[in-house]
Amino acid sequence: MDPDTAADFTVENVEKALHQLYYDPNIENKNLAQKWLMQAQVSPQAWQFCWVLLRPEKVPEIQYFGASALHTKISRYWGDIPAEQYDTLKMQLFSQIAHFASGSKIVLTRLCVALASLALNMMPEAWPGAVSEMVRMFQEEGGEVDGRARCLALLELLTVLPEEFQTSRLPQYRKGQVRGALGSEWTAVYPLLQQLLRQPDSPPLVKARVLKCLSSWVLLDVPLNESEGLVEASFTALADPELFDTAVEAIVNTISQPDSQRYVNTLLKLVPQVLQLQEQLRDAVQNGDMETSHGICRIAVSLGENHSRALLEQVEHWQSFLALVNMIMFCTGIPGHYPVNETTSSLTLTFWYTLQDDIMSFEAEKQAIYLQVYRPVYFQLVDVLLHKAQFPTDEEYASWSSDEKEQFRIYRVDVSDTLMYVYEMLGAELLSNLYDKLGRVLTNTEPTTTWQDTEALLYGFQSIAETIDVNYSDVIPGLIGLIPRININNVQLADTVMFTIGALAEWLADHPVMLSSVLPLVLQALGNPDLSVSSVSTLKKICRECKYDLPPYAANIVAVSQEVLIKQIHKTSQCMWLMQALGFLLSALPVEEILRNLHSLITPYIQQLEKLAGETPNPSNKLAIIHILGLLSNLFTTLDITKQEEESGENAPPIKSAPPQTGPNPVVVVLQQVFALIQTVLSKWLNDSQVVEAVCAIFEKSVKTLLHDFAPMVSQLSEMLGQMYSTIPQASALDLTRQMVHIFASETNHFPPIKALFESVTSVTLTIFQQGRHAGNNQLQRTELIPRCADIPPVGQVVQEDGKLLLLAVLEAIGGQSSRSLMDQFAEVLFCLNKHCFALLTVWLKEALRSPGFPSSRVSNEQKDTFSQQVLRERVNKRRVKDIVKEFTLVCRGLHGTEYAADY
C-alpha cells in the first residue's frame with residue numbers, strides 16, 4: 001500500500017493492507033502497510049469502515065482492526081464527535097459487545113476498551129450512572145447470548161474501565177471529576193463481584209475475572225473498608241489452585257494502595273488472615289512449590305511493608321504484628337539457594353528497611369520500648385541473611401548457568417546493602433557479634449565448618465566496613481589478626497578476603513603498623529588471574545588511603561606490579577586500575593625516587609610504542625597503541641605531588657608529610673620526553689578517532705591533575721592541538737581544548753598560545769558548519785570562553801570578531817540543518833551568549849533573522865520575532881531556553897503539532 005493514497009481509505013483497501021501486514025514475507029511491505037493503516041485509523045473515513053470490518057463474516061484480525069479504529073477515534077478525537085451522536089454510538093457499542101460476548105476474545109476486549117473510553121469522556125454529565133447502566137444492560141435477559149458469556153463480557157468491561165482511566169488523555173480537571181464519578185459507582189460494582197465470588201456454582205473462570213476486576217478497581221483508591229468482604233473472599237480463593245495467582249494479585253493490589261493505611265481496623269482484621277496462610281506456606285516450601293510460597297510471601301510482605309507504622313502503633317496488638325514479622329523472617333530465610341532453589345527471599349529485603357525506619361522514627365522513650373522487642377529480631381535477621389548469602393558447594397556452583405551466578409551476585413549485593421543499613425540499628429555490637437562468630441569458626445576443628453561459613457562472616461564485615469566508619473571499633477585489630485589464619489583454598493573466599501582488606505583501607509591508614517600483616521596477601525593475590533578484580537582494586541584502595549605509610553614497601557609493590565603487567569595476567573581495565581594504584585603510591589615519594597621508578601616502570605612501554613609507531617597501521621597494533629596510551633593516562637591521573645602539602649597540613653601528622661618538592665613536576669618531565677614520540681604516533685593515526693582520543697586523554701588527565709603545574713607544556717600542546725584539529729577535526733581534541741582554555745585562558749603568560757588555539761579551532765569549526773557537516777559537540781566547546789569575554793579583553797575581541805558567525809551557524813542548525821537530538825547543545829550556546837554578551841546578541845539576532853527564508857522558509861517574520869524576544873528574555877533559566885529552541889526547530893522543520901513533535 002502506498003502511504004500517500006490517503007483518499008483510498010476504503011474497506012477493500014484496509015483489508016488488503018491488513019493481509020499485507022499479516023502475511024506478506026517482505027518486511028518493507030509490512031512496514032508500508034502498517035504506516036498506511038495508522039493513517040487510515042485516524043482518517044475521517046474510519047467511522048464508515050470500522051463498523052463494516054466488525055461484521056460477523058470477517059476474520060478476527062480484520063474485526064480487531066475495526067474495534068481498534070473505533071477506540072482510536074473515541075479516545076483521541078473525541079472533540080470531532082457531535083454530542084447528539086453520543087447515545088447512538090453508546091448503543092452500537094453495547095450491541096457489538098453483546099454480539100462478541102461469545103465471539104473472539106481479543107475483539108471483545110478492544111470493544112470494551114472503546115466503550116470504556118466513551119464512558120470516561122461522557123461522565124458524569126452526559127452519562128450519569130454509567131457503570132450502573134452497564135451492569136443493568138448485561139444482567140437483562142434477552143438475545144441469543146447465554147448468561148455466562150454475558151457475565152464474562154460485563155466483567156471484562158468493568159475491568160478495562162479503571163485501566164482505561166489510568167491511561168486516558170483526559171485534561172487534569174476532568175480526571176478529577178471522572179475519578180470521583182467512578183469512585184461513587186463502586187457501590188454498583190461491589191455487590192455484583194461479591195455475589196459472583198461467593199456463589200458456590202460460579203465457574204472458576206468467572207471467579208478469576210472477578211478477582212481481576214477487583215485488582216483493577218482498587219487502583220482508583222476504593223476505600224479499604226468498602227472492599228473488606230471481597231478481600232476476605234479473595235483469601236478464601238487462595239485455597240483453589242486455579243484462582244491462586246489472581247487472588248494473590250487482588251489481595252496485594254488492595255492492601256498496597258496508599259490510602260488503605262487510613263483503615264486501621266480493617267488492617268488489623270487482615271493480619272490474622274495472613275497468619276493463617278503459614279501452614280499453606282510451610283507445605284509449599286516442603287513440597288518445592290515455589291509459585292505458592294512466592295505468592296504467600298508477597299501478601300505478607302505487602303501488608304508489613306505498606307503498613308508497618310500503622311500496625312506498630314497498635315500497641316495492644318503487638319504480638320500479632322510480631323508474628324507477622326516472624327512470618328516474613330521465615331520468607332527471608334526460606335530454604336535453598338537464590339535464584340536456583342528459591343526466588344522469594346529477595347522480596348522481603350525492603351520490608352526490613354521500612355520496619356527499621358519506622359522504629360527509629362519514634363521519639364526516644366517509645367523507640368527504646370520497641371528496640372527491646374526488635375533488636376533480637378534484627379540480630380536473628382543478620383544470621384539469616386549471612387546464611388542466605390553463603391555460596392553453595394563447589395560442585396553445585398559449577399552447575400549454575402552464568403545468568404544464575406550473576407543473579408546470585410546481585411542478590412549478595414542486596415544482602416550487603418541490608419546489613420549495612422541494619423548496622424545503624426545494632427551498632428558496634430553487630431561487629432562484635434560477627435567477630436566472635438568468625439573467631440569460633442576459625443578455631444573450630446570440627447569437620448562441619450566449611451569455607452562458606454568463613455566467607456559469609458567476612459562478607460558481613462566487608463559490607464559494613466565499605467561504607468561505615470569503623471575506625472573506633474575495637475574488633476578490627478583482632479579481625480586483621482585473624483585474616484592471615486584463614487585457610488584460603490577457594491577463589492570466592494580469596495576474593496572476599498581481598499575485598500575485606502580493601503574495605504579496611506581507611507582503618508589501615510590510621511593503624512599503619514598492621515599493613516605488614518595484609519600487604520603480602522594482596523601482593524601474592526596480584527599474581528592470580530582469578531583474583532584480578534579484587535586484588536587490584538584492594539591494592540588501589542591501600543595505595544590511595546595509605547600512601548604516606550607505603551614508602552618502605554614501595555620497591556616491592558612496584559616490582560610485583562611490573563611483573564604482573566609484563567606477564568599480562570590482568571585484563572585491560574585492571575591494568576588501568578593498577579597504574580592508578582602506582583600513581584597514588586609514587587605521589588608520596590621524593591621526586592628523584594618518583595623519576596627513577598617512572599623510568600623503570602614505563603621505559604618498556606615507551607620502547608614498545610616506538611616500535612609500534614614505526615609499523616604500518618593495522619587493527620592489531622592499534623589496540624596495542626591504545627593500551628599503552630591508556631596505561632600512561634591512568635598513571636598520570638593519580639600521580640599528584642601537589643597533594644602532599646595539602647594532606648600533610650592540619651589533617652595529617654608530621655611524620656606522614658613528604659619533603660617539599662622542587663623543580664619540574666615528574667609527569668611534565670615524562671611528557672616532555674615522550675612528546676616527540678606521541679607526535680609521531682599521531683602523524684600515522686590522525687584519522688583514527690580512538691587513537692586520537694587516547695592521546696588527548698593522556699594530556700587531559702594530566703591537566704586535570706596538575707592544573708597550573710602543567711604550565712611548561714601549554715605552548716607545545718596548544719600548537720599540536722591546533723594542527724591536529726585543523727587537519728582532521730575530532731571531538732576529543734575539542735574536549736582537551738576546553739580543558740586548556742578553562743585553566744589557562746586567564747593567565748597572561750599563557751594567553752597567546754591559548755588564543756591562537758581557540759582562533760584556529762573556531763575558524764575550522766565555522767568552516768565545518770558552512771560545509772554542512774554539523775557536530776553539536778563543537779558548539780558546546782565555545783561556551784568555555786564566552787563567560788570570560790568581559791574580564792579578559794583578548795577573549796572579548798575574539799567573541800566580537802567571530803561571535804556573529806557562531807550565531808549564524810547555530811541558527812542554521814536550529815533551522816533544520818542539524819539533528820534534533822543536538823538542540824540542547826545549541827540552546828546552551830544561545831544561553832551563554834545571552835548571559836555574557838547580551839548587547840551583541842541583541843544586534844546579531846536582529847540582523848541574522850532579517851534575512852528572508854533564514855533559518856527556514858517555513859517560519860514567518862512574526863515567529864522569528866517571537867523567538868528572538870523569548871531568547872533575549874531568558875538570562876537565568878537555561879531549561880526554558882532549551883524548550884524555546886526545541887519549539888522553534890519544530891516550526892522550522894514543519895513538524896509543529898504533529899505526532900513527531902509529541903515524541904520530542
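Just so you know, these numbers come straight off a predicted model, no measurement behind them. Hydrogens, waters and symmetry mates play no part in the numbers below; they use all other heavy atoms, side chains included.
With sequence neighbours excluded, the residues forming a side-chain hydrogen bond (donor to acceptor under 3.5 Å, both in side chains) with T496 are E455, listed by chain and number. Listed by chain and residue number, Y472 satisfy the side-chain hydrogen bond (donor to acceptor under 3.5 Å, both in side chains) test with Y423 (two or more places apart in sequence, or in another chain). Contacts of E404 classified as salt bridge (charged side-chain N to carboxylate O under 4.0 Å, His left out), with partners at least two apart in sequence or in another chain: none. Qualifying side chain to side chain contact (heavy atoms under 4.5 Å, CB included) partners for Q562, counting only residues two or more places apart in sequence or in other chains: V558, S600, L601. Under the side chain to side chain contact (heavy atoms under 4.5 Å, CB included) criterion, L442 pairs with L438, T454, L482, I486, not counting sequence neighbours. Remark: R409 pairs with E406 by the side-chain hydrogen bond (donor to acceptor under 3.5 Å, both in side chains) rule, at least two apart or across chains. With sequence neighbours left out, the ring pair (Phe, Tyr, Trp, His ring centres under 6.0 Å) criterion links Y435 to no other residue.
For the side-chain hydrogen bond (donor to acceptor under 3.5 Å, both in side chains) condition, the pairs that include at least one residue of residues 702-714, sequence neighbours left out, are H708-E747. Residue pairs meeting the ring pair (Phe, Tyr, Trp, His ring centres under 6.0 Å) criterion with at least one member in residues 476-511, sequence neighbours excluded: W507-H511. Residue pairs that meet the side-chain hydrogen bond (donor to acceptor under 3.5 Å, both in side chains) test with at least one member in residues 688-701, sequence neighbours left out, are K622-D688, K622-Q690.
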Under 3.5 Å, sequence neighbours excluded: what are the donor-acceptor pairs made by side chains of residues 516-532?
from : atom 1 : to   : atom 2 : distance (Å)
S516 : OG     : V513 : O      : 3.4
N528 : OD1    : D530 : N      : 2.9
S532 : OG     : H570 : ND1    : 2.7

Can you give me every donor-acceptor pair (side chain of residues 605-614, partner residue at least two apart or in another chain, under 3.5 Å) with its distance?
from : atom 1 : to   : atom 2 : distance (Å)
K611 : NZ     : E615 : OE2    : 3.1

